[in-house]
Protein chains: 2
Amino acid sequence: MGRSRTRARVTLSDVAAESGVSTITVSRALREPHRVSAPLRERIDAAVEALGYVPNLAAQALASQHTNVIGVLIPSVTNNVFSDLLSAIYDTVSHTRFQIQLANTQYSVSEEEKLVRIFLNQRPAGLVVTGIDQSAACRQLLSEANCPVIQIMETAPDPIDMMVGFSHYDGAARAARHLIEKGYRRIGFIGARMDPRTQRRMEGCLSVLDAFGMLDRDLVSTTEEISSVNLGAAMLGALVDRRPDLDAVFTNNDDLALGALFECQRRAIAVPDALGICGFNDLEMVRASAPSLTSVDTRRGEMGQRAMTMLMDAIEGKRPQKRVVDLSSTVIARQSTARGTRDDPAR
Amino acid sequence: MGRSRTRARVTLSDVAAESGVSTITVSRALREPHRVSAPLRERIDAAVEALGYVPNLAAQALASQHTNVIGVLIPSVTNNVFSDLLSAIYDTVSHTRFQIQLANTQYSVSEEEKLVRIFLNQRPAGLVVTGIDQSAACRQLLSEANCPVIQIMETAPDPIDMMVGFSHYDGAARAARHLIEKGYRRIGFIGARMDPRTQRRMEGCLSVLDAFGMLDRDLVSTTEEISSVNLGAAMLGALVDRRPDLDAVFTNNDDLALGALFECQRRAIAVPDALGICGFNDLEMVRASAPSLTSVDTRRGEMGQRAMTMLMDAIEGKRPQKRVVDLSSTVIARQSTARGTRDDPAR
DNA sequence: TTGTACGCGTTATCAG
DNA sequence: CTGATAACGCGTACAA
């Protein structure tokens, strides 16, 4: 209490009174201008302007039984990976009639299910969910939803509705093959948090190492802790202490890779000659480091943009030809793996 | 169109029918349980559970003329600085009745004003806005708002309502003094984007240099470009090319500082002996680098937490004793400035 | 402690 | 092309 008084809010009927028509006509003039005669439209627009009318979203939602809200569920707001994605999502949606409502599942499927339930009850225009590891109940809810749903970050053969992402397994497999091609032989793996996508990356990496007869479980280091640069440094340090013969690591993401690089610098381990490092996600910063870090580009900006375009199209009734868009991923070879066997060393 | 049919939604009156009471009693049992007799409460809770009732937020908002939405306006979703803040905000609000609605001003005051207008019309429970540089109209709107408003990231003597942050001017001044104490004499400044807070940091830094007779405008490098690690590397490179006598830089944030460090590594410029580097914000990663980077801790986690606590208290009518909370900021001295004049060198 | 009547601001439906 | 009327689902104000 105690703050200044509310100015009486301007409603549709105020605008109607001002322009001498009924409320429904104002409502139509705003939503379907072509269905209202030109002179009326002008009078109404003028009245809206003069009175400073702003629609009441709650009333719209209640009356029409739908909203312009696109719900976006991501596991974390801190992770750099998602901030790139979010940025693209916001950009794509700005200047459309839709608004983003962001929710945070904290990597919990039960939290995700709870949030989906809440969102669905508010009749969103569309929903974006991260990954493919929803609970059975959540999948059920989403497939019965009366709005388009798009899963992002991953691909799989059984989309709930639509999907745009890439195979984490394949991306990591590419990274492993890259390290092998560069001549590394005792290749380790460092992973943190170990959420489902992280695990699939690990599997992709290990399967390739196995296929080449190079799999050594003792070179695999994982933790449930949240990924960070400092953690990458600590994990690389521990791994090298235990296995000084390690000659390359694939880290589950770029934070860990950068930490690993720093630890190498501290220990005077030569990168890439004594140790190769490959990260994942290709964050902006790994291009800048010295040496620059090899990473896997996952085109998150394009992913966010495509996801929102597909979703908004679907909301307008334009269903995509293909419900699953695979953006794939690409190894960006840089100095940290440029030991050079067949490729020329990076600049 | 063409997705599966909506199940008839469960409303208050369904629950009322199921438990044999009137709708208003159900409504009360949900919002003010103590005002309903125990047996009824139990019957109602059971019915809610059995039917899977979820309140319709639009109807609540329309009937009660207020919402549990806390609007949060930040300039960027990509900037690491805001992700730390956001994370604290989400954590503090989770498990309360409030929900966050995030909006993105893109560092534009006109966009901010537009968003405030939209938010205010939906009767938010509270509003969080970034900084102190709102447009006059926006300030006006916010001071007439019938909900608590808190400005974050900065402090000033004239809060719109409440405020929690720190002085960017002072923080940068501390950084400059730290560099001087460490024996650096030809101190440069590197800044990107140059939003209002960035500018105040620049002013704080330059004023100290000036007071010590060390201000050299030729050592100041700024750009409107968005800050990034790569940009930090490029800007440091250009500055050193032009002024090889530079012996320290204060960078406007940690991205730039890290880029500067990388560029030094590439050019074999010894940090901290030949060049000292001090960043701003104390991101997690700057503790891990080799050498570790000195930075200014701005306690963003605490800021987010305090802001939400103050706001939620104010919503419940508990106005704070002091409307402006100054969290201050602290130089965290690390290896990148440990040339050691009076302090002992960092570990 | 519980219930009745009504209104919140908008849109759907059906007439004119 | 325009309007009257009735919802939408819930909370407020008052009554019992």
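Chain A is the first sequence line, chain B the second, and so forth, proteins listed ahead of strands; every chain is numbered from 1.
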Would you say a side-chain N or O of A:R123 is under 4.0 Å from OP1 or OP2 of C:dT11?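 Negative; the distance criterion is not met.
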
Does A:S27 place a side-chain N or O at less than 4.0 Å from the phosphate oxygens OP1/OP2 of C:dT10?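 So the side chain of A:S27 is outside the cut-off, no N or O lying under 4.0 Å from OP1 or OP2 of C:dT10.
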
Would you name the heavy atoms of A:E18 and A:A47 that are closest together and state the gap between them?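 For A:E18 and A:A47, the tightest heavy-atom pair comes out as CG-CB, 3.5 Å.
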
The single option from A:I150, A:I89, A:T92 passing side chain to side chain contact (heavy atoms under 4.5 Å, CB included) against A:L311: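 The single option meeting the side chain to side chain contact (heavy atoms under 4.5 Å, CB included) with A:L311 is A:I150.
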
Angle, rounded to 10°, between the helical axes spanning five pairs at each terminus of the helix from C:dT1-D:dA16 to C:dG16-D:dC1?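 Nearest ten degrees gives 30° for this helix.
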
Base, sugar-phosphate or nothing for A:R28? Non-hydrogen atoms, less than 4.0 Å.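 Base, at least one base heavy atom under 4.0 Å.
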
Could you tell me whether [X] and [Y] have a side-chain N and a carboxylate O separated by less than 4.0 Å?
X	Y	result
B:D161	B:R319	yes
A:E32	A:R41	no
B:E302	B:R306	yes

To the nearest Å, give me how far apart [atom1] ([X]) and [atom2] ([N]) are.
X	N	atom1	atom2	result
B:L30	D:dG11	CG	P	8 Å
B:D14	D:dG9	CG	C1'	11 Å
A:E32	D:dT2	CD	P	13 Å
A:N68	C:dT11	CG	C1'	14 Å
B:I24	D:dG9	CD1	C1'	12 Å

A:L12 side chain: which of C:dT13, C:dT10, D:dG9 is closest?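 For A:L12, the side-chain atoms sit closest to C:dT10.
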
Any donor-acceptor N/O pair, [X] side chain to [Y] backbone, under 3.5 Å:
X	Y	answer
A:R123	A:T67	no
A:E111	A:Y107	no
B:Q134	B:G131	yes

Heavy-atom contacts under 4.0 Å between residues 47-65 of chain B and DNA chain C, which residues?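 Nucleic-acid contacts, sorted: B:L62, B:A63, B:Q65.
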
For DNA chain C, determine which residues of residues 34-45 of chain A have any heavy atom closer than 4.0 angstrom to one of its atoms, and list them numerically.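 None - not one residue of the stretch has a heavy atom sitting under 4.0 Å from the strand.
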
Going by atom types alone, do B:T105 and B:S108 pair a side-chain donor with an acceptor below 3.5 Å?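 No - no donor-acceptor pair under 3.5 Å links their side chains.
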
Can you tell if the side chain of A:L85 reaches within under 4.5 Å of the side chain of A:M153, non-hydrogen atoms only?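 SC-SC contact between A:L85 and A:M153 confirmed.
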
Test side-chain contact (heavy atoms from CB on, under 4.5 Å) applied to A:D158 and A:R139, step by step: CA-CA 11 Å; A:D158 56 341; A:R139 256 194 95 91; 4.0 Å; yes

